[in-house]
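What follows is a short report on a single structure.
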Amino acid sequence: MALAEAPRPGPLMDPEWHGSPEGKEYLGCILRKKKRKFFGLIERPVLSPQLPADIASYKLFVCGRSGAGKTSFIAKLAGLEVPSMHHETTGIQTTCVYWPVRPTHSARPVIFRFQFWDCGEGALRKFDHILPACKEMADAVLFLFSFTDRSSFEDVPALISRTLGQEEDVARVVIGNKLDQYTHTDVTENDLRDFQRTWQLPVMRVRSVNGPRVAEGRGLDGRAGLVECAPVLNGLAEILWRRDQVIAGLVGGAD
């Protein structure tokens, strides 16, 4: 019996596929009249029989100090209007974001269902059940800091320790928010390199500003917004998919 070929080193997901003709067809399932479709907890994209795909669902808990931009980060990825003013999130808020990707060693795309969980810092401190609920069955925890607030960056190691125990087996990702205000940054590239070298965690960068609008100005341009979010969505898909493949023994873990 011939042995299956082991996946070669490199990305498990094609980071450029969304820009291909096939990728654009699949992106159409999360767009409506040039704008993003919004999905509730039990809704999902409708695909034609000519566009087969598997669904991979993941829960991601987004945490960070008040004002770091958790709500604006999720709004950006979901194609919602990024709020211009900061308002503390009351209780727990969940948002579903769908993103089609094609594995590099498969012709069959996978539609990732990212369920983002967000809660305000005040609610976390006031109610003991909030943090366990957010972490329950989570696949990843995203730790946010703001490029315009150095203290939020310096707090990330303590935030990780407060949120997760060493025994908790979830993916850990650091998100640098408000990159659009980089000229006023308090966090340098050297700071990020030193952090990654010390903590061995991926760091992603996000611009928390609304993207282009449709021609009539009534709403955000969905396809343009997806292109802006593609690096982060592809990055999350790569991390979570690789984690699952390592757990299944299909690819080797990091040395």
Side-chain angles (χ1 to χ4, degrees), residues 13-41 43-48 51 53 60 62 64 66-90 93-102 109 111-118 120 142 144-149 152 173 175-185 187 204-237:
M13 295 294 178
D14 184 346
E16 305 297 332
W17 176 78
H18 64 277
S20 69
E22 182 187 40
K24 291 178 180 178
E25 278 194 84
Y26 278 85
L27 286 181
C29 75
I30 55 175
L31 295 169
R32 179 187 291 117
K33 296 181 178 180
K34 300 183 180 180
K35 301 178 184 178
R36 289 282 292 277
K37 291 181 183 177
F38 306 114
F39 300 94
L41 289 177
E43 296 177 308
R44 60 187 294 176
V46 178
L47 292 169
S48 71
L51 298 176
L60 303 93
V62 182
S66 180
K70 300 182 292 294
T71 300
S72 64
F73 163 71
I74 296 172
K76 180 70 176 178
L77 297 187
L80 300 168
E81 294 276 353
V82 174
S84 58
M85 300 289 290
H86 171 252
H87 298 285
E88 181 82 6
T89 301
T90 57
Q93 179 173 308
T94 62
T95 306
C96 286
V97 175
Y98 286 88
W99 178 246
V101 189
R102 192 189 68 188
I111 296 181
F112 282 76
R113 178 184 182 269
F114 298 121
Q115 186 183 99
F116 293 97
W117 285 54
D118 170 30
L142 312 185
L144 260 70
F145 71 89
S146 169
F147 275 106
T148 62
D149 179 6
S152 70
V173 183
I175 306 289
N177 201 20
K178 303 183 182 180
L179 184 62
D180 50 291
Q181 302 176 39
Y182 196 75
T183 54
H184 305 291
T185 185
V187 183
M204 300 183 184
R205 301 155 176 80
V206 179
R207 299 172 69 250
S208 58
V209 64
N210 288 319
R213 295 186 173 274
V214 293
E216 66 273 18
R218 298 178 181 175
L220 300 171
D221 186 319
R223 195 172 291 276
L226 286 171
V227 171
E228 287 185 340
C229 296
V232 172
L233 293 172
N234 279 330
L236 294 174

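Excluded from the calculations below are hydrogen atoms, water molecules and symmetry mates; all remaining heavy atoms, backbone and side chain alike, are included. None of these values were measured; they are calculated from a predicted model. If you read the sequence from its start, that first residue is 1, and numbering goes on from there.
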**Prompt:** Is a salt bridge present between E16 and R102, judged by a nitrogen-to-oxygen distance below 4.0 Å?
**Reply:** no
**Complete:** Closest heavy-atom pair, C29 versus V46, reported as atoms and distance to 0.1 Å, is CB-O, 4.0 Å
**Prompt:** How many angstroms lie between CZ in R113 and OH in Y98, if you round to the nearest 0.5 Å?
**Reply:** 4.5 Å
**Message:** Using every non-hydrogen atom in the two residues, find where V209 and K76 come nearest and quote the distance to one decimal.
**Reply:** O-NZ, 2.7 Å
**Message:** Is there a side-chain contact between H18 and L27 in this structure, where contact means two heavy atoms from C-beta onward sitting under 4.5 Å apart?
**Reply:** yes
**Request:** Could you check if a side-chain atom of L31 sits within less than 4.5 angstrom of a side-chain atom of R36, using non-hydrogen atoms only?
**Result:** yes
**Request:** Run the numbers on T95 and D118 for side chain to side chain contact (heavy atoms under 4.5 Å, CB included), then give the verdict.
**Result:** CA-CA 8 Å; T95 306; D118 170 30; over 6 Å; no
**Request:** State whether the side chain of E228 and the backbone N or O of G225 hold a donor-acceptor pair below 3.5 Å, judged by distance alone.
**Result:** no
**Fill in**
In terms of heavy-atom contacts, G235 and M204 come closest through C-CE, 3.5 Å
**Message:** Would you say that K35 contacts V214 through its side chain, given a criterion of any heavy-atom pair below 4.5 Å between the two side chains?
**Reply:** yes
**Message:** For N234 and W99: C-alpha separation, side-chain torsions, deciding distance, then whether side-chain hydrogen bond (donor to acceptor under 3.5 Å, both in side chains) applies.
**Reply:** CA-CA 8 Å; N234 279 330; W99 178 246; 2.9 Å; yes
**Prompt:** Just wondering, do V97 and L233 contact through their side chains at under 4.5 Å, heavy atoms?
**Reply:** yes
**Prompt:** Aromatic rings F114 and F116: how do their planes relate, parallel, tilted or perpendicular, breaks at 30° and 60°?
**Reply:** tilted
**Prompt:** Heavy-atom distance under 4.5 Å between the side chains of T71 and F73, does that happen here?
**Reply:** no
**Item:** Minimum heavy-atom distance between A224 and D221, given as atom pair plus value
**Value:** N-OD1, 3.1 Å
**Prompt:** Which pair of heavy atoms, one from S146 and one from A68, lies closest together, and at what distance?
**Reply:** CB-O, 4.0 Å
**Side-chain touch P100/I30, heavy atoms, less than 4.5 angstrom** = yes
**Prompt:** If you count the non-hydrogen atoms of other residues, nucleotides and ligands that lie under 6.0 Å from NZ in K34, is the total more than 12?
**Reply:** no
**Request:** Check whether any side-chain heavy atom of F39 sits under 4.5 Å from a side-chain heavy atom of P45, and report yes or no.
**Result:** yes
**Message:** Do F145 and N177 have side chains that approach each other closer than 4.5 Å (heavy atoms only, starting at C-beta)?
**Reply:** no
**Request:** Check the pair F112, M13 against side chain to side chain contact (heavy atoms under 4.5 Å, CB included), reporting the backbone distance first and the verdict last.
**Result:** CA-CA 12 Å; F112 282 76; M13 295 294 178; 3.5 Å; yes
**Request:** Report the C-alpha distance between Y26 and L51 in whole Å, list the side-chain angles of each, state the deciding distance to 0.1 Å, and finish with yes or no for side chain to side chain contact (heavy atoms under 4.5 Å, CB included).
**Result:** CA-CA 7 Å; Y26 278 85; L51 298 176; 3.7 Å; yes
**Within 6.0 angstrom of K24 NZ, more than 12 heavy atoms from elsewhere** = no
**Prompt:** Could you walk me through whether D14 and V101 pass the side chain to side chain contact (heavy atoms under 4.5 Å, CB included) check?
**Reply:** CA-CA 7 Å; D14 184 346; V101 189; 5.8 Å; no
**Complete:** For A53 and L47 the tightest heavy-atom approach is CB-CD1, 3.8 Å
